[in-house]
Amino acid sequence: MRQKIVAGNWKMNNTNSESKLLLKKLLSYKFPPDVRVIVSPPYTQLSLISNKLKNLKIEVASQNMHYASNGAFTGEISASMLKSSGVFTTILGHSERRLYFNETNKSLNEKVKKAVNENIEIIFCIGEELDDRKSGNHFEYVKLQLEKTVFLQPIESWKKIIIAYEPIWAIGTGETASPDQVQEMHSYIRNIISENYNESLAESTCIIYGGSVKPSNAKNIFSQPDVDGGLIGGASLKSEDFAAIVKATKCQSYTA
Ligand code: 13P
């Protein structure tokens, strides 16, 4: 059975003290034990947050990682730097990285290879623009993003790959994809994983959804059969909203 995952992408938000406070509040919740809860703070807070989370249930991920081991890449962070900060999971390919920092399928493929070689787990983001959705090209768009990156990896690498479907038109816009639209795309992604590898891998790969997930819509999205949780932006900065979204992965209640 696939595990549910809820990851909070804090993006470029929060000072150290604001993040410490947010974490303190998150740690006061008793989350369902079988849900993976991950927070992804900015680089400067990774050590701070990973130290505070040592031996605790919440995990930490970075928002990016470079493909080189080291060298003259001003402003970049390597896999070994992440590991030495206690970080073993990274988001890669977020649409904001693709859009504002010129990340391409080619450079992302290098990053994916490096992360896998370094035993770093990847939350790999894909998702179409509004124009692609409107013209009905969204399946092809997402397929190409996968074919040029994670589908080039050998099957063993998929132990370390989580897919995050984040339609660009739904990120930070308040406009969420409908549960049916999310299910349709997740099921499509699972099918093409099966075609490229096999059914067992497709069935065991976690595919999470991101784009304006809120406490009010999380349950309907997470209850779709091919949705294994969410990658949460804005709502992950408010502890009570994030906790409610984690709770929405479960039907049974839990104590806060
Ligand atoms: P929002 O939840 O703010 O739409 O952001 C989603 C996202 O980009 C998570 O990576």
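When a ligand or atom number is given, it counts from 1 through the structure's own listing order.
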Between ligand 1 and [X], is the shortest N or O to N or O distance under 3.5 Å?
| X | result |
| --- | --- |
| Ile232 | no |
| Thr173 | no |
| Glu96 | no |

Legend entry - Ring geometry between Tyr209 and His186 (parallel below 30°, tilted from 30 to 60°, perpendicular above 60°): tilted

Inset, instruction - Check the angle between the aromatic planes of Phe73 and Tyr67 and answer parallel, tilted or perpendicular using the 30° and 60° thresholds. - result: perpendicular

Legend entry - Heavy-atom donor-acceptor pair, Lys111 side chain to Met65 backbone, under 3.5 Å: yes

Would you say that [X] contacts [Y] through its side chain, given a criterion of any heavy-atom pair below 4.5 Å between the two side chains?
| X | Y | value |
| --- | --- | --- |
| Pro42 | Asn14 | no |
| Ser69 | Lys114 | yes |
| Trp158 | Val150 | yes |

Legend entry - Contact check, Ala235 vs ligand 1, heavy-atom distance below 4.0 Å: no

Inset, instruction - Could you establish whether Lys11 and ligand 1 come within less than 4.0 Å of each other, counting only heavy atoms on the residue side? - result: yes

For [atom], closest protein heavy-atom neighbour:
| atom | value |
| --- | --- |
| atom 7 (C) of ligand 1 | Glu166 OE2, 3.2 Å |
| atom 2 (O) of ligand 1 | Gly233 N, 2.9 Å |
| atom 3 (O) of ligand 1 | Gly234 N, 2.8 Å |

Inset, instruction - Salt-bridge test for Glu110 and Lys106: reply yes if a basic N is under 4.0 Å from a carboxylate O, no otherwise. - result: no

With a cut-off of 4.0 Å, which atoms of ligand 1 are near a heavy atom of [X]?
| X | value |
| --- | --- |
| Gly172 | 1 (P), 3 (O), 4 (O) |
| Ser212 | 1 (P), 2 (O), 4 (O) |
| Ala170 | 4 (O) |
| Gly211 | 4 (O), 6 (C) |

Inset, instruction - Select one of side chain, backbone, both or neither to describe which atoms of Asn9 lie under 4.0 Å from any atom of ligand 1, heavy atoms only. - result: side chain

Inset, instruction - Working to the nearest 0.5 Å, report the span between CD1 of Ile126 and CZ of Arg98. - result: 8.0 Å

Legend entry - side chain to side chain contact (heavy atoms under 4.5 Å, CB included) partner of Ile232, chosen from Val6, Leu237, Val39: Val6

